[in-house]
Structures are given as C-alpha cells and as structure tokens.
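Here is the structure we will look at, set down as structure tokens.
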Amino acid sequence: MAAPAPVAVVAAPAAPSIAYSTLNAPAEGYVVERDLGIVFGTAIGVNYSVTFNLQKAMNQAVEAIERSRNQALAQLGQQAAARGANIVLGVTFDTEKEGGYAIVTCAGTACVVKAKPPAPGY
C-alpha cells in the first residue's frame, strides 16, 4: 500500500486587532456595543507519518492538532474582522480525531465592545 501524498498546510494570516475570550461577556469596564453574529473557523490537520515510536507518534498528533487549532482561530478572527468586530466572545473549540486527521472547529460571537463611560460624580 502506497503512503499518502504529503499535504501542504498553509497557515492563515492572523486577523488584525481581534481579541478572543472564552467568556460570554466582555471584561469588567467594557460593554457590548454591537453583536455582529456567530463566526467560526475550521481546519483539518494531517498527521500522515507512520512510526513505531509511540512518543514520536503522540508528539506528531499533538502538533497537527495545535496547527489546526491556530488555523481555525485565525479563520475565526478573519471573519470577525471582516464584520468590523474588535473581539470574539464565547469562543469554543471542538476537536475530532479520525485516523490521521484532526478536524478542529472553533466558534464564537463577533462583537464590538467599548469602555464603559465613568459613573456620574467621578
């Protein structure tokens, strides 16, 4: 059986000035000015090396998942930036490992947040 052909994985460029949070609300002192909807990113990492060294195989699998996670997050940020967001709230990740593939999906809510005005009397 022939080994599968190598697959080139190109890292997506990072989104400009996007903050990410697993929280569903902005940090204290900030408010959501606009909710721009759900954004997501999906990436498939390929770990096609065959090795009999268990530690090496585990390291390769972890590296494939990390690359996929970073690519999915960059894709999420690009979608958010295209909508005019400055933060993505409620970011979640889902990872599925099937054979030599790692499929990573992340999702969140693109928002525009701003600093709360100071309370009257300060």
What distance separates [X] [atom1] from [Y] [atom2], expressed to the nearest 0.5 Å?
X     : Y      : atom1 : atom2 : result
Ile87 : Cys111 : CD1   : SG    : 7.5 Å
Leu73 : Gln78  : CG    : CD    : 10.0 Å
Leu76 : Arg69  : CG    : CZ    : 13.5 Å
Thr42 : Ile44  : OG1   : CD1   : 8.0 Å
Asn24 : Thr109 : CG    : OG1   : 7.0 Å
Asp94 : Glu96  : CG    : CD    : 5.0 Å

What heavy-atom pair brings Ala43 and Ala72 nearest, and what distance separates the two atoms?
CB-N, 3.9 Å
At their closest point, which heavy atom of Ala102 faces which heavy atom of Ser68, and how far apart are they?
O-OG, 3.7 Å
For the pair Gln79 and Phe40, evaluate side-chain contact (heavy atoms from CB on, under 4.5 Å) and give the outcome as yes or no after the intermediate values.
CA-CA 7 Å; Gln79 285 187 18; Phe40 64 92; 4.1 Å; yes
Any Lys114 side-chain heavy atom under 4.5 Å of Val31 side chain
yes
Asn86 side-chain N/O to Ser17 backbone N/O, donor-acceptor pair under 3.5 Å
no
Measure from the side-chain N and O atoms of Arg83 to the backbone N and O of Leu36, and report whether any donor-acceptor pair falls under 3.5 Å.
yes
Report whether Val32 and Val91 are members of the same hydrophobic cluster (ILVMFWY, side-chain heavy atoms less than 4.5 Å apart, transitive linking).
no
Would a hydrophobic clustering, with Ile, Leu, Val, Met, Phe, Trp and Tyr connected at side-chain separations under 4.5 Å, put Ile18 with Val112?
no
Flag if over 12 foreign heavy atoms under 6.0 Å of CZ, Phe93
yes
